[in-house]
Amino acid sequence: MADTRTYIRLHDGMPDHPKVDGLSDKAFRLLVESWCWCSRHLTDGHMPAATWRKRSTPKARGELVAAGLAVLLDDGSVRFHDYLEHQRSAEEVAAAKAAKGTGGSLGNHRRWHEERGIVKPGCPHCPQPPTDPDDDPASDPPADPEPTGHRSDNRSQTRSDNRSHSGRKTSPETTTETEKDRTPYGGSSRGSLNRPSADRYAREDDDLDHAIAGLVEQHTGRPCPPDHAAAVRRQILDGREVERPLPYVVRAIRDDPARFMPPAPPTPPRREPWMDVPDLGQRDNGETNRRGRAAVEAAIAAARTRTTQPEEPDEP
């Protein structure tokens with residue numbers, strides 16, 4: 001932010017000046033404060049009587065008058081000696097502020113217009129095309145009637161050609177070729193100059209949505225899908241006329257990121273060991289069946305062996 005305060009000038013030899021060296025501490029303070037007051041109120045070294053009487057003490061005021069640093073006037077006001085020889089006048093302060101304001105305006109023009117190749121209507125630094133009365137179609141004289149209907153007025157044709165080769169007018173409804181070829185965020189569209197404006201706005205929204213997605217993910221720690229970024233853009237702008245939407249959106253997201261929190265990603269289902277067992281119709285039971293058949297066959301063989309063994313005779 002530019003510093004708009006005013007300052008007074010004091011050289012390092014001022015306390016040793018013969019008129020100042022003999023002053024008391026109160027009188028010295030009164031002198032400096034009075035100069036500051038005159039500079040702040042742009043009075044060119046003049047102080048009204050009511051203000052003078054309320055400052056410091058009568059003794060301190062008398063010291064300044066006796067030393068010739070303050071001159072009492074007939075109406076009781078005070079004029080400080082040689083004030084304008086060392087301090088800036090009100091006109092000089094106003095000129096300095098105007099120059100600083102012009103410098104700031106020029107800096108903004110170079111940053112937002114000149115570096116981006118944009119010609120903005122109403123900017124005092126942008127080159128505006130001259131107003132030519134010939135550019136107004138209403139001022140053209142009516143064409144001479146041609147009985148054959150095949151020839152046109154040479155003068156109208158020449159004027160039309162001149163208008164086509166001269167500088168184009170820039171208005172809020174029409175933009176220059178450079179504006180059509182660039183986005184408001186500094187990037188180039190690299191497209192045709194005759195591309196429809198609706199397509200241009202769509203590309204600008206896509207660029208803004210991409211920036212919003214990155215900012216939301218950075219400040220919330222959650223991924224921001226494209227549809228949520230577009231919803232955030234509509235939520236922040238909401239039909240507002242914003243000349244530079246990107247800084248406006250960045251500030252809104254940084255100030256309150258929780259307001260634009262994306263939805264939490266879905267939690268994956270918990271997997272348990274029994275969940276990995278396939279359904280009955282999807283299982284491969286070949287090995288199980290083989291083991292079962294082998295066990296059955298072994299049991300049958302054992303039973304047959306027991307039935308074929310001869311019985312031992314009973315002992316007498």
* To do: With sequence neighbours left out, write down each residue that passes side chain to side chain donor-acceptor pair (under 3.5 Å) with Glu63, or none if nothing qualifies.
  =>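 Counting only residues at least two positions away or on another chain, Glu63 forms a side chain to side chain donor-acceptor pair (under 3.5 Å) with Ser24.
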
Enumerate, atom names and distances included, each donor-acceptor pair closer than 3.5 Å involving a side-chain atom of residues 245-258, sequence neighbours excluded.
none

* Under the side-chain contact (heavy atoms from CB on, under 4.5 Å) rule, collect the residues that match up with Asn289, sequence neighbours excluded. =>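 Expected list: Asn285, Arg293.
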
* To do: Using side-chain contact (heavy atoms from CB on, under 4.5 Å) as the criterion, list what pairs up with Ala95, not counting sequence neighbours.
  =>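 Partners of Ala95 under the side-chain contact (heavy atoms from CB on, under 4.5 Å) test: none.
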
* Asked: So which pairs with a foot in residues 212-235 pass side chain to side chain donor-acceptor pair (under 3.5 Å), sequence neighbours left out?
  ->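 For residues 212-235, and leaving out neighbouring residues, the side chain to side chain donor-acceptor pair (under 3.5 Å) pairs sorted by first residue read Asp209-Arg233.
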
* Residue list, salt bridge (charged side-chain N to carboxylate O under 4.0 Å, His left out) with Arg291, at least two apart or on another chain ->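 Scan of Arg291 (salt bridge (charged side-chain N to carboxylate O under 4.0 Å, His left out), adjacent residues dropped) gives Glu287.
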
Got a donor-acceptor contact below 3.5 angstrom from the [X] side chain to the [Y] backbone?
| X | Y | value |
| --- | --- | --- |
| Glu92 | Ser89 | yes |
| His11 | Gly13 | yes |
| Gln87 | Arg9 | yes |

* Show the numbers, then the answer: is there a side chain to side chain contact (heavy atoms under 4.5 Å, CB included) between Arg29 and Ser56? => CA-CA 9 Å; Arg29 180 185 179 91; Ser56 191; over 6 Å; no

* **Shared-cluster residues of Val20, by chain and number - hydrophobic side chains joined below 4.5 Å** =>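 Reading the cluster by chain and number, Val20 sits alongside Ile8, Leu10, Met14, Leu23, Phe28, Leu30, Leu31, Val32, Trp35, Trp37, Met47, Trp52, Leu64, Val65, Leu69, Leu72, Val78, Phe80, Tyr83, Leu84.
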
* To do: Please write out which residues are connected to Ile300 in a hydrophobic cluster, directly or through intermediates, given that two of Ile, Leu, Val, Met, Phe, Trp, Tyr count as joined at side-chain heavy-atom separations below 4.5 angstrom.
  =>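 Cluster partners of Ile300: Val296.
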
* Asked: CZ/Arg88 to CG/Asp44 distance, rounded to the nearest 0.5 angstrom?
  ->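 Atom-to-atom, Arg88:CZ and Asp44:CG are 12.0 Å apart.
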
* Asked: What are the two closest non-hydrogen atoms of Pro223 and Pro262, and how far apart are they?
  ->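 Result for this residue pair: O-CB, 3.5 Å.
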
* To do: Identify the heavy atoms of Ala213 and Cys224 that sit nearest to each other, and give their distance.
  =>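 Distance-wise, the nearest heavy atoms are O-CB, 3.7 Å.
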
* Is there any salt bridge (Lys or Arg N to Asp or Glu O under 4.0 Å) pair reaching into residues 53-62, and which pairs are they, with sequence neighbours excluded? ->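 Only Glu33-Arg55 qualify under salt bridge (Lys or Arg N to Asp or Glu O under 4.0 Å).
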
* Hey, could you give me each pair passing salt bridge (Lys or Arg N to Asp or Glu O under 4.0 Å) that has a residue in residues 70-81? Not counting sequence neighbours. =>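 Non-adjacent pairs meeting salt bridge (Lys or Arg N to Asp or Glu O under 4.0 Å): zero.
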
* Asked: Is the count of non-hydrogen atoms from other residues, nucleotides or ligands lying under 6.0 Å from Lys26 atom NZ greater than 12?
  ->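 No, not enclosed.
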
* Asked: Is the number of heavy atoms from other residues, nucleotides or ligands under 6.0 Å of His41 NE2 greater than 12?
  ->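 It does: His41 NE2 has more than 12 such atoms within range.
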
* **Set of residues satisfying ring-ring contact (aromatic ring centres under 6.0 Å, His included) with respect to His86, sequence neighbours excluded** =>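 Here no residue qualifies.
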
* Are Phe260 and Ile236 side-chain neighbours, meaning at least one heavy-atom pair lies under 4.5 Å? ->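 Phe260 vs Ile236: side chains touch.
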
